[in-house]
Structure formats: C-alpha cells, structure tokens
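The structure under discussion appears below in the form of structure tokens.
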Amino acid sequence: MKSMSILGCGWLGERIGPSFLEKEYHVKGSSRNKQRLEQLKKIGISPFFADIDQWNDIQPEFFSSDVMIIATTNKNTSSHQKFISFLHENYPQLRIIFMSSTSVYKNSTEEISEDASLNDTALAEIEQIYFNSNLDTLILRLGGLVGSDRHPGIFFKENGTIKNPEAPINLIHERAICTVIDRLIEENMYNNIFNLVSDEHPKKIDFYSKAFYALHKKNASFIPLEQESVYKLISNQKIKEVIGVNLKLSNHYPFI
C-alpha cells in the first residue's frame, strides 16, 4: 500500500488526506492540537502529535511513507534546516512536497512566473532549504485557498472594507490542489517549482461583489490605493503545460 505523511495537517491537510484515502493510500497526519488529532482519526487519517520545533520526538512510523507533504505554518528557518538534515540522514528515500504560497513573490505590474523575484522572507528562505536539499522535492506556491466550506464570500465582513479593488485575484480550489498533487506524484515530477492558482483572475471589486451577492450578504466598501499598480498576477502556465490540468475556478463558483 502506498503511504503519505502530512506534516501540519490543518484545513488543507484535511482535504488532501481524504482524497488520497480514496486512492487507497495509508495517510498519516500530524498536529500539535489534540482536538484536531481526534478529528483526523475520525476521517480515517492516522494521527500523530508532531511539532517541527521538536522533530526528534516524532514517532519513527510517521516517516515511513512514500511521500511527505509539509504544510506547516511554522516559519522557524532553523527548525526546518535541522529537520531536512535529519530527513536526509535517516530517510533519504522520502520524497517531499512543500506547500508554499504566492506571497513569496514581490509585487509586479507583469504576470508572475516561477522564476520571478522573491521577497526576502522566512518562507522564501525555507523553500530554498528544501529545494536545495538532496531529497526529491516539489515546491507548490499556492494562491488563496477556497473550498467546500471556505467560500470566498466569507473572507470579508459585511459592510467591511476591501483595499486595492482593481487588483486581480489569485485563488485556488481545494479539489484542484488534490488533483495536481496526485498527477505530479504519478508522473514523478519532483525537483520542480510550480505556481498553483486558478485560470481566472477577475478584479477584486468584480469577484467579491458577486461572491457577497451569492451568499446574500451586504457588499463591502472598496478602497482604492494611492498606487493602484501594486498587485500580483500569478501565472499557472507552467503547471498546465506539464500536466494539462483544469484549473478553472468557475467550475466551483459559477458567478465568476
């Protein structure tokens, strides 16, 4: 039986895990929250108490997998460096998928591909720690997460404010993430970096107005920035060329 470990099995991990349980994987998930561990067990994921700051206390069984998805929000670069050194020394066969974010990119007036300039942040540094290791590693830079219980219309309060209304959105649906991970594993596409965002990039003012309407919520106020060119438009061309996956957000939100 194929196996997968998810380090930091939060909202996203709880979506990825079941999709691979359906493919008859043995899925293991970690958390520092005991209540979440009970939730993981209920949905069929083997629970492990784990903290990357105390990686040497993690049960060895957690590392006995074909692939490990690292979805922790921990930004302690020292812990990640020690962790990858530990994996390289003890589990060199383990393949890594590191879940990053498009927040690593600098704002630009041009479409942003995977070779664009990065911000000087802990996340960008942690990416490189994994990618420059000697383990087979995939880096996925995700846009804003949406899903079955994470409708974009809930991101802002009724009668709230949304800045930079002319900026394009860069979102990705949970189902698309699961599909992409499955295809990349199948096709052994490690040692790559991919952006993962939907095909559509409507302006905030258009998209969120419709999202509010779809939930029968009062619209927010949109506040222009003094410098409206401050935004990111993330390209998904590379991942689509490699695996040809459908990344249309309108498949899930027809109001687009």
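Both backbone and side-chain heavy atoms feed into the values below; hydrogens, waters and symmetry mates do not. It should be emphasised that the depicted structure is a prediction, and the values quoted were computed from it without experimental measurement.
Side-chain polar atoms of Q237 and E241 form a donor-acceptor pair below 3.5 angstrom. Side-chain contact annotation: Y208 with N219, donor-acceptor N/O pair under 3.5 Å absent. Using a 3.5 Å distance cut-off with no hydrogens or angles, the side chains of T102 and N170 do not pair a donor with an acceptor. A donor-acceptor contact closer than 3.5 angstrom links the side chains of S46 and H26. In this model, no donor atom of one side chain and acceptor atom of the other lie less than 3.5 Å apart for N251 and R175. A donor-acceptor contact closer than 3.5 angstrom links the side chains of S113 and D115.
Hydrophobic clustering (ILVMFWY, side-chain heavy atoms < 4.5 Å, transitive): L142 and L171 are in distinct clusters. The cluster map of Ile, Leu, Val, Met, Phe, Trp and Tyr, joined by side-chain heavy atoms under 4.5 Å apart, puts L94 and I6 in different clusters. Under the 4.5 Å side-chain contact rule for hydrophobic residues, I97 and L87 do not share a cluster. Cluster annotation: F222 is connected to L215 through the hydrophobic network of ILVMFWY side chains, with a link wherever side-chain heavy atoms come within less than 4.5 Å.
Of the residues listed (K106, E125, R141), the one engaging L118 in a side chain to side chain contact (heavy atoms under 4.5 Å, CB included) is R141, and it is the only one.
Under the 6.0 Å distance and 45° angle rule, K238 counts as a cation-pi partner of F194.
No side-chain heavy atom of M1 sits under 4.5 Å from any side-chain heavy atom of Y25. Between F156 and K217 the shortest side-chain heavy-atom distance does not fall below 4.5 Å.
More than 12 heavy atoms of other residues, nucleotides or ligands lie within 6.0 Å of CD in Q128, so this atom counts as buried by the packing criterion.
Ring geometry for F63 against F86 counts as perpendicular: the plane angle is over 60°, on a 0 to 90° scale with 30° as the lower cut.
Using modelled atom types, no side-chain atom of H201 and backbone atom of P168 make a donor-acceptor pair closer than 3.5 Å.
The ring of F212 has its center no closer than 6.0 angstrom to the ring center of F155.
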